[in-house]
Amino acid sequence: MAKVDYVYNTKTCRYEPVFMTSQMIFRNIFRFLGVSFMIGVIGLLVFNANYPSVDETMLASRNESLKRDWEVLYKKLDNSASELSVLEQTDDNNYRVILDMEPLAQSVREAGVGGREKENANIKYSLIREGYEKAQKIKNRLDIEEQSFAQLDQELAVKERMWASRPAIQPISNEDLTYLHTTYGMRKHPILGYWRPHKGLDFTAPKGSPVYATGDGVVEVAHTSVTFGQVVYIDHGFGFETRYAHLTEFIVRKGEKVKRGQIIGYVGNTGLSFSTHLHYEVLFKGDQINPINFFQRDLSNKEYEKLVELGGIATTSLD
Ligand SMILES: [Zn+2]
């Protein structure tokens, strides 16, 4: 049964039932809804003020995760910078020393580092900007190092050609060598009978023993002369030249490229020669120098001892 409200009527001095009009019903409904809405709004404001939303919680969690990732990235950048420093030091102190090059100036290494501030200024977050600058410095240093390595590569190619060209082996194999006259300097000529400079070494070996080019080069002379007999000159570039005299035969011709260790002729006794041997000269910038300093490369300690022993008892030249 519906609840009925009563109101005291002073005129009739009686309690009379109050019948709700539709207007009153609507007014009550609106009042109820208004109060509910106000309570809802206030509750929401209080809740928001005291508790983060689900989205905010997720964002905060993601921020923490990003910070951790960023710290890992920072460490990786720092590690890369340290490894790059080691590479730069190895470049300056090892590679460039070996190749006889000056270390890269610090001003060159720092060129470009710290540039692009305008670009950096557009990055809003300092943490990201700092990381970006770190990465950029590493990139600039890497660019410089890349250029340095290109230089090293070029220089190495030149040095390789130089090392391959430099006279560095004996022109006669130790198996064929029976005597070495280390008679570099003033000697009495065995045929002419007077003293004159002997500007090479004499290798005694059986006739027909192979004679080897002692470095890469180009044959500049291959002919017969009165004094040197059948003789070959090799231009090695970089100021070096070698001469191989008194051959019984040469097997290269002028202008031919030769490699170190290539047979260019055979031991003989042609020209102004006292006995079968190879007269060998090394020249640097046109002047003869002592060849004994130019063939350690293919000698073991024992072989070198033999060479010194043989040379120690030599007193005369053979041409
Ligand atoms: Zn000689």
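- Atom CG in Asn93 sits 11.0 Å away from atom CD1 in Ile98 (nearest 0.5 Å).
- Legend: side chain to side chain donor-acceptor pair (under 3.5 Å) pairs involving residues 56-70, not counting sequence neighbours: none detected.
- The shortest distance between side-chain heavy atoms of Val211 and Ile263 does not fall below 4.5 Å.
- The salt bridge (Lys or Arg N to Asp or Glu O under 4.0 Å) test applied to Arg96 returns Asp91, not counting sequence neighbours.
- The shortest heavy-atom contact between Arg141 and Ala81 is NH2-O, 3.5 Å.
- At least one side-chain heavy atom of Val252 sits less than 4.5 Å from a side-chain heavy atom of Gln262.
- Annotation: Phe238, atom CZ; neighbour count of heavy atoms from other residues, nucleotides and ligands within 6.0 Å is above 12.
- Taking the side chain as every heavy atom from C-beta outward, Lys199 and Asp287 never approach each other to under 4.5 Å.
- Distance check: Ser225 OG to Leu272 CG gives 9.0 Å after rounding to the nearest 0.5 Å.
- For Asp235, there are no salt bridge (Lys or Arg N to Asp or Glu O under 4.0 Å) partners two or more places apart in sequence or in a different chain.
- Contact detail for Gly200 and Pro291: the closest heavy-atom pair is CA-CG, 4.3 Å.
- For the side chain to side chain donor-acceptor pair (under 3.5 Å) condition, the pairs that include at least one residue of residues 207-216, sequence neighbours left out, are Thr214-Tyr244, Thr214-Tyr280, Asp216-Lys259.
- Hydrophobic cluster membership is shared by Leu201 and Val267, with clusters built from Ile, Leu, Val, Met, Phe, Trp and Tyr side chains linked at under 4.5 angstrom.
- Take Asp176 and apply the salt bridge (Lys or Arg N to Asp or Glu O under 4.0 Å) test, not counting sequence neighbours, and it matches no residue.
- Remark: Phe284 pairs with Phe240 by the ring pair (Phe, Tyr, Trp, His ring centres under 6.0 Å) rule, at least two apart or across chains.
- With a 4.5 Å cut-off on side-chain heavy atoms, Asp319 and His277 count as touching.
- Between Ile172 and Ala205, the shortest heavy-atom contact is CG2-CB, 4.1 Å.
- Arg260 contributes a side-chain N or O that, together with a main-chain N or O of Ala164, makes up a donor-acceptor pair within less than 3.5 Å.
- Considering only heavy atoms from C-beta on, Leu278 stays 4.5 Å or farther from His246 through its side chain.
- At least one side-chain heavy atom of Met101 sits less than 4.5 Å from a side-chain heavy atom of Leu152.
- One N or O on the side chain of Thr178 and one on the backbone of Thr204 form a donor-acceptor pair closer than 3.5 Å.
- A donor atom on one side chain and an acceptor atom on the other are not found under 3.5 Å apart for Ser273 and His279.
- The CG atom of Asp202 sits 12.0 Å away from atom OG1 of Thr276, with the distance rounded to the nearest 0.5 Å.
- Taking the side chain as every heavy atom from C-beta outward, Tyr233 and Glu281 never approach each other to under 4.5 Å.
- To the nearest 0.5 Å, atoms CZ (Arg31) and CD1 (Ile29) are separated by 11.5 Å.
- Other members of the cluster containing Leu44 do not exist, because no ILVMFWY side chain is joined to it at under 4.5 Å.
- Of all the heavy atoms in Ile251 and Gly265, the pair that sits closest is CG1-N, 3.9 Å.
- Considering only residues two or more places apart in sequence or on other chains, Tyr8 meets the ring pair (Phe, Tyr, Trp, His ring centres under 6.0 Å) condition with Tyr15.
- Cluster membership check: Val232 does not share its hydrophobic cluster with Val218, using side-chain heavy-atom separations under 4.5 Å among Ile, Leu, Val, Met, Phe, Trp and Tyr.
- Going from atom CD of Glu155 over to atom CG of Leu99 covers 6.0 Å, rounded to the nearest 0.5 Å.
- A 4.5 Å side-chain heavy-atom check between Phe250 and Ile264 finds every atom pair outside the cut-off.
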Could you go through Gln288 and Arg243, starting from their C-alpha distance and side-chain angles, then the distance that decides it, and tell me whether this counts as side chain to side chain contact (heavy atoms under 4.5 Å, CB included)? CA-CA 10 Å; Gln288 281 90 347; Arg243 294 176 177 176; 3.7 Å; yes
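- Nearest heavy-atom pair across Ala245 and Phe228 is CB-CD2, 3.4 Å.
- The CD atom of Gln151 sits 11.0 Å away from atom CG of Asp153, with the distance rounded to the nearest 0.5 Å.
- What you find for Gln230 and Thr248 is that their closest heavy atoms are NE2-O, 3.7 Å.
- When hydrophobic residues (I, L, V, M, F, W, Y) are linked wherever their side-chain heavy atoms come within less than 4.5 Å, the members clustered with Val46 are Ile42.
- If you chain together hydrophobic residues whose side chains sit under 4.5 Å apart, Tyr95 and Leu156 fall into the same group.
- Tyr132 and Leu66 are not part of a single hydrophobic cluster, where members link through side-chain heavy atoms under 4.5 Å apart.
- The main-chain N or O of Ile144 is never found under 3.5 Å from a side-chain atom of Ser148 such that the two would form a donor-acceptor pair.
- The hydrophobic cluster containing Val35, built from Ile/Leu/Val/Met/Phe/Trp/Tyr side-chain heavy atoms closer than 4.5 Å, also comprises Ile39.
- Grouping Ile, Leu, Val, Met, Phe, Trp and Tyr by side-chain contacts under 4.5 Å, direct or through others, leaves Val72 on its own.
- Taking Glu145 as the reference, Arg109 meet the salt bridge (Lys or Arg N to Asp or Glu O under 4.0 Å) condition, with sequence neighbours excluded.
- Side-chain heavy atoms closer than 4.5 Å link hydrophobic residues (I, L, V, M, F, W, Y) into clusters, and following such links, even through other members, never connects Met162 to Val97.
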